[in-house]
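First the structure, in the form of structure tokens, and then the observations on it.
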Amino acid sequence: SFIILVCIFSIAFLISFLLVKKSASQLRLAQNKLHHMATIDSLTGLYSRNEIVNLLKIEFNHYKSCLGSPAQFELCLVMIDIDHFKSINDNYGHPVGDAVLANIAGCIKTGIRNKNGVGRFGGEEFLVVLPGETTETSQLVAERIRIAISELEFEAGDKVIRATASFGIACVLPSENNYQISLSRADAALYEAKKTGRNKVVVFQVATDA
């Protein structure tokens with residue numbers, strides 16, 4: 001009887017242990033899925049807006065902490081906006097618009113060294129964070145991506161369409177104490193690119209006077 005009871009308790013303990021282990025595994029999977037949903041944009045596979053802004057904050061704080069030291073580096077931001085994206089959705093439908101977004105996102109990611117430095121900032125807008133790049137090298141990166149995007153082709157029924165994008169660049173200044181100032185300058189450069197013809201790269205020019 002004692003041996004039977006020991007066996008019963010052992011089996012019950014083993015079943016309980018396996019159930020707890022399975023539940024813990026399922027909980028981890030659920031947590032990982034929620035984290036992925038919160039940090040990754042489901043359509044493009046890029047960082048979500050919150051996550052790319054968090055990355056910008058981290059890089060900005062790192063940039064500020066390294067000022068004046070041998071580890072000092074430059075930090076540049078690139079804002080990208082797909083030209084006339086509303087017209088693409090209106091004329092060809094949202095599935096085509098989604099394909100344009102996803103392919104352009106892949107094109108941007110391929111064009112930068114730090115594959116984790118890009119996120120979907122808005123509907124058809126992207127933010128690229130480039131630590132270690134200068135204004136000149138960031139401009140080269142943006143121009144390379146701009147050309148690659150303009151060469152993409154998308155099927156829309158029996159038609160083949162193309163898309164272009166505009167770029168605004170701003171590099172963080174040592175005097176800036178908030179990443180949002182740098183971000184607003186990149187956004188201003190993007191606005192200038194769209195206002196002056198689109199499908200171009202504009203670098204925010206800092207005034208040399210007071």
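- Two residues are said to be in side-chain contact when any heavy atoms from C-beta on lie closer than 4.5 Å; I169 and V201 meet this criterion.
- Side-chain contact between V53 and N50 is absent, with no heavy atoms from C-beta onward closer than 4.5 Å.
- The shortest distance between side-chain heavy atoms of V141 and E143 does not fall below 4.5 Å.
- Between I80 and V128 there is a side-chain heavy-atom pair separated by less than 4.5 Å.
- Counting only N and O atoms by type, the side chains of T137 and T134 include a donor and acceptor under 3.5 Å apart.
- Put simply, the residue from I58, V78, V118, L75 that forms a side chain to side chain contact (heavy atoms under 4.5 Å, CB included) with V129 is L75.
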Practice prompt. Could you walk me through whether K109 and I104 pass side chain to side chain contact (heavy atoms under 4.5 Å, CB included), step by step?
Written response: CA-CA 9 Å; K109 192 170 184 178; I104 288 180; over 6 Å; no

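- Hydrophobic clustering keeps V203 apart from Y191 (ILVMFWY residues linked when any side-chain heavy atoms are closer than 4.5 Å, directly or through intermediates).
- At a threshold of 4.5 Å between non-hydrogen side-chain atoms, the residues L183 and F121 count as touching.
- Linking Ile, Leu, Val, Met, Phe, Trp and Tyr whenever their side-chain heavy atoms come within less than 4.5 Å leaves L127 and I181 in two separate clusters.
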Practice prompt. Might you work through the side chain to side chain contact (heavy atoms under 4.5 Å, CB included) test for I112 and I145, ending with a clear yes or no?
Written response: CA-CA 8 Å; I112 61 175; I145 295 172; 4.0 Å; yes

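- Here D98 contributes atom CG and S42 contributes atom OG; the two are 9.0 Å apart, rounded to the nearest 0.5 Å.
- Qualifying side-chain hydrogen bond (donor to acceptor under 3.5 Å, both in side chains) partners for D90, counting only residues two or more places apart in sequence or in other chains: K86.
- Nearest heavy atom pair, residue S138 against residue C76, reads OG-CB, 3.2 Å.
- A 4.5 Å side-chain heavy-atom check between L190 and S166 finds at least one atom pair inside the cut-off.
- Between L56 atom CG and E51 atom CD the span is 12.0 Å, to the nearest 0.5 Å.
- Between Y63 and P174, the closest heavy-atom pair is OH-N, 3.3 Å.
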Pairs under 3.5 angstrom only: tabulate donor-acceptor contacts from the side chains of residues 147-161 to other protein residues two or more places apart or in another chain.
| from | atom 1 | to | atom 2 | distance (Å) |
| --- | --- | --- | --- | --- |
| S150 | OG | I147 | O | 2.7 |
| E153 | OE2 | R162 | NH2 | 2.9 |

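- For the pair R185 and F204, the cation-pi test (distance below 6.0 Å, angle within 45°) is passed.
- Taking the six-membered ring where tryptophan is involved, the planes of Y179 and F60 are perpendicular, since the angle between them exceeds 60° and thus also 30°.
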Worksheet item: Under the side chain to side chain contact (heavy atoms under 4.5 Å, CB included) criterion, do L77 and M79 qualify, and how do the steps go?
Response: CA-CA 7 Å; L77 313 178; M79 295 288 289; 5.8 Å; no

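- Counting heavy atoms from C-beta outward, L46 and F126 have side chains that approach closer than 4.5 Å.
- Considering every non-hydrogen atom in both G97 and I88, the closest pair reads CA-CG2, 4.3 Å.
- Here the closest heavy-atom approach between residue L101 and residue E124 is recorded as CD2-CA, 3.8 Å.
- Using modelled atom types, one side-chain atom of K200 and one backbone atom of T196 make a donor-acceptor pair closer than 3.5 Å.
- Using modelled atom types, no side-chain atom of T44 and backbone atom of A105 make a donor-acceptor pair closer than 3.5 Å.
- Between Y47 and I40, some side-chain heavy-atom pair lies under the 4.5 Å cut-off.
- Atoms CD and CD1, from E59 and I52 in turn, are 9.5 Å apart once rounded to the nearest 0.5 Å.
- For E176 and K64, the salt-bridge test fails: no basic side-chain N is under 4.0 Å from an acidic carboxylate O.
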Worksheet entry | Candidate pair E133 and R113, rule salt bridge (Lys or Arg N to Asp or Glu O under 4.0 Å), full reasoning | CA-CA 10 Å; E133 300 287 357; R113 286 184 297 178; 2.5 Å; yes

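- In this structure, H62 and S65 approach most closely via the heavy-atom pair O-OG, 2.8 Å.
- Cluster membership check: L43 shares its hydrophobic cluster with I82, using side-chain heavy-atom separations under 4.5 Å among Ile, Leu, Val, Met, Phe, Trp and Tyr.
- Donor-acceptor pairing under 3.5 Å is recorded for the side chains of T164 and D83.
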